[in-house]
Amino acid sequence: MQIHTCRFFLSNIRRIRPFHTDYSTQLLVQSLVLSRLDYCNSLLAGLPASTTLADNNWIGESMTVNYLYQQLGNKPEKTVFKQKIFDSQATNCDYEDSGFDRGHLNPNCHQDGEGRTATFTLTNAVPMYEDFNRKIWYSQYENIVNNELKKNCTSPSIGYIVVGAVSSQTIVNNRLYVPSLIWAAVCCHSVKNSFSLAFWADHYPRPQQYKVTCDSISNLESKLKQYITSASIFSGGCK
C-alpha cells in the first residue's frame, strides 16, 4: 500500500471514530489492512507483472504474495504461506463460471481517483446476482445515495456510509457464501441539519421480485435483529 493511500484511509477512519465503538473501529482498521492484500495474485505468483495485472482491476493491487513473502523475517514454506493466504478470503477464480457478479459493497461510483481504484478489492465484494447488482441495487441504492449526498451533504457536512450483508446457506464453489440480505446505512453529519437513510433488499434469484426498501436506520436495525442479537450501526446515532 502506498503511504499517501494509507494516510487517506486512516484519515477517514479517524473522522468517523466518534460514531463507532472500540470494537467496530478495530474491525475497520483490520479491514483496511486486509483489503489491500492482493490474495488472488497468489495464484499468479512468479509471473511477469504485466500478466499479474492483465485480468482486470480486481487484482490490480500492489502488495502481491511475492512481495509480502519477502518482507517476512522467519519465512515459512512458501506453498504453506500461499495456501494460508488463499484460505483467508475469496479469489477471482471463485467467481469464474459461478453465475455471480463480484458485487461492490463500497460502490466505485461513490468514489473518485484512488478511492475508486481502492474499491476493486475482493474484500469489498460479495456474490451478487447479475440483475440485482447491475440494475436494482445500482439504481435504487447506489445512484440515489450518490446524488443525495452530492446535493444535500456538501462541505462542511460529512457523509458516512456503512454497508453489510447477511449470509445465506447458499455457497458458491464451496468457498463463497451468497448473501440473503444486503443493506446500507447513510449518515450525513452536520452541525445544523444531520440526516440519515437506510436501504436493504432481499437477495435471491428472482429478478421480478427484487425490491430495495428505503427507510430509517432504526428500522434497519430492527430488520437486522432478525439475524443477530443486537444491531447499533452508528454509536450514539447519526447526530
Side-chain angles (χ1 to χ4, degrees), residues 24 27-28 30-32 34-43 55-61 83-111 118-145 161-186 197-215 217 219-231 233:
S24 63
L27 290 180
L28 282 173
Q30 290 174 341
S31 297
L32 167 62
L34 292 174
S35 69
R36 304 309 298 156
L37 304 182
D38 188 1
Y39 294 103
C40 194
N41 276 342
S42 64
L43 304 178
D55 181 38
N56 52 46
N57 288 337
W58 287 94
I59 58 171
E61 303 175 48
Q83 187 62 44
K84 285 183 177 180
I85 291 181
F86 179 81
D87 289 344
S88 66
Q89 74 163 75
T91 72
N92 275 320
C93 303
D94 296 318
Y95 284 91
E96 289 182 0
D97 301 319
S98 69
F100 290 92
D101 280 358
R102 292 160 293 195
H104 279 79
L105 292 175
N106 176 13
N108 71 84
C109 67
H110 288 182
Q111 310 295 332
T119 66
F120 286 92
T121 177
L122 289 164
T123 52
N124 183 45
V126 293
M128 289 188 190
Y129 294 103
E130 180 178 310
D131 282 346
F132 181 94
N133 179 44
R134 305 183 190 187
K135 299 177 182 179
I136 305 303
W137 194 238
Y138 171 76
S139 63
Q140 297 184 33
Y141 158 64
E142 294 177 359
N143 195 43
I144 289 175
V145 169
I161 302 177
V162 180
V163 186
V166 177
S167 65
S168 69
Q169 297 303 309
T170 302
I171 305 176
V172 178
N173 294 329
N174 292 318
R175 293 262 299 165
L176 305 178
Y177 281 92
V178 178
S180 61
L181 180 78
I182 298 174
W183 58 269
V186 181
L197 296 167
F199 299 81
W200 66 86
D202 292 319
H203 181 248
Y204 39 59
R206 295 190 294 276
Q208 67 277 10
Q209 297 181 26
Y210 287 148
K211 178 184 177 182
V212 177
T213 298
C214 178
D215 208 324
I217 289 180
N219 283 342
L220 170 59
E221 291 172 341
S222 297
K223 176 74 173 179
L224 292 176
K225 287 177 183 176
Q226 299 176 17
Y227 305 94
I228 56 179
T229 55
S230 64
I233 297 171

Query raised in the report: Quick one: which of Y141, Y138, W183 gives a ring-ring contact (aromatic ring centres under 6.0 Å, His included) with F199?
Result: Y141

Query raised in the report: Heavy-atom count around Q169 CD within 6.0 Å, excluding the residue itself: above 12?
Result: no

**Report entry** Counterpart residues, side chain to side chain contact (heavy atoms under 4.5 Å, CB included), relative to D94 (two or more places apart)
**Finding:** A90, T91, R175, L176

Query raised in the report: Between R102 and F120, is a side chain to side chain contact (heavy atoms under 4.5 Å, CB included) present by the stated rule, with each step listed?
Result: CA-CA 9 Å; R102 292 160 293 195; F120 286 92; over 6 Å; no

**Report entry** Those residues that, when tested against Y95, pass ring-ring contact (aromatic ring centres under 6.0 Å, His included) (two or more places apart)
**Finding:** none

**Report entry** Student check: side-chain heavy atoms of V163 and N106 closer than 4.5 Å
**Finding:** no

Report task. Would you indicate whether Y177, at its atom OH, is surrounded by more than 12 heavy atoms from other residues, nucleotides or ligands within a distance under 6.0 Å? Result -> no

Query - Q140 and Y210, any side-chain heavy atoms less than 4.5 Å apart - result: no

Query raised in the report: In Å, rounded to the nearest 0.5 Å, how long is the span from NZ of K223 to CD1 of I228?
Result: 13.0 Å

Report task. Please round to the nearest 0.5 Å and tell me the distance separating atom CD of E130 and atom NZ of K135. Result -> 7.5 Å

Query raised in the report: Is the closest side-chain heavy-atom distance between N173 and S98 below 4.5 Å?
Result: yes

Query raised in the report: Any side-chain heavy-atom pair from I233 and L224 closer than 4.5 angstrom?
Result: yes

**Report entry** Any side-chain heavy-atom pair of P107 and T119 under 4.5 Å
**Finding:** no

Query raised in the report: Do V145 and I161 touch side chain to side chain, with heavy atoms closer than 4.5 Å?
Result: yes

Query - Any side-chain heavy-atom pair of H203 and P179 under 4.5 Å - result: yes

**Report entry** Gap separating the CG atom of L105 from the OG1 atom of T123, nearest 0.5 angstrom
**Finding:** 9.0 Å

Report summary line: In short, W200 meets D215 closest at the heavy-atom pair CH2-CB, 3.5 Å

Report summary line: Nearest heavy-atom contact between I144 and S139 is CG1-O, 3.5 Å

Query raised in the report: Any donor-acceptor pair under 3.5 Å linking the side chain of N133 with the backbone of G103?
Result: no

Report task. State, to 0.1 Å, how close H104 and E142 come at their nearest heavy-atom pair, and which atoms those are. Result -> O-OE2, 4.2 Å

Requested in this report: Mind checking the CH2-CG spacing from W137 to D101? Nearest 0.5 Å is all I need.
Outcome: 14.5 Å

Query raised in the report: Going from OG on S168 to CG on D202, what distance comes out if it is rounded to the nearest 0.5 angstrom?
Result: 11.5 Å

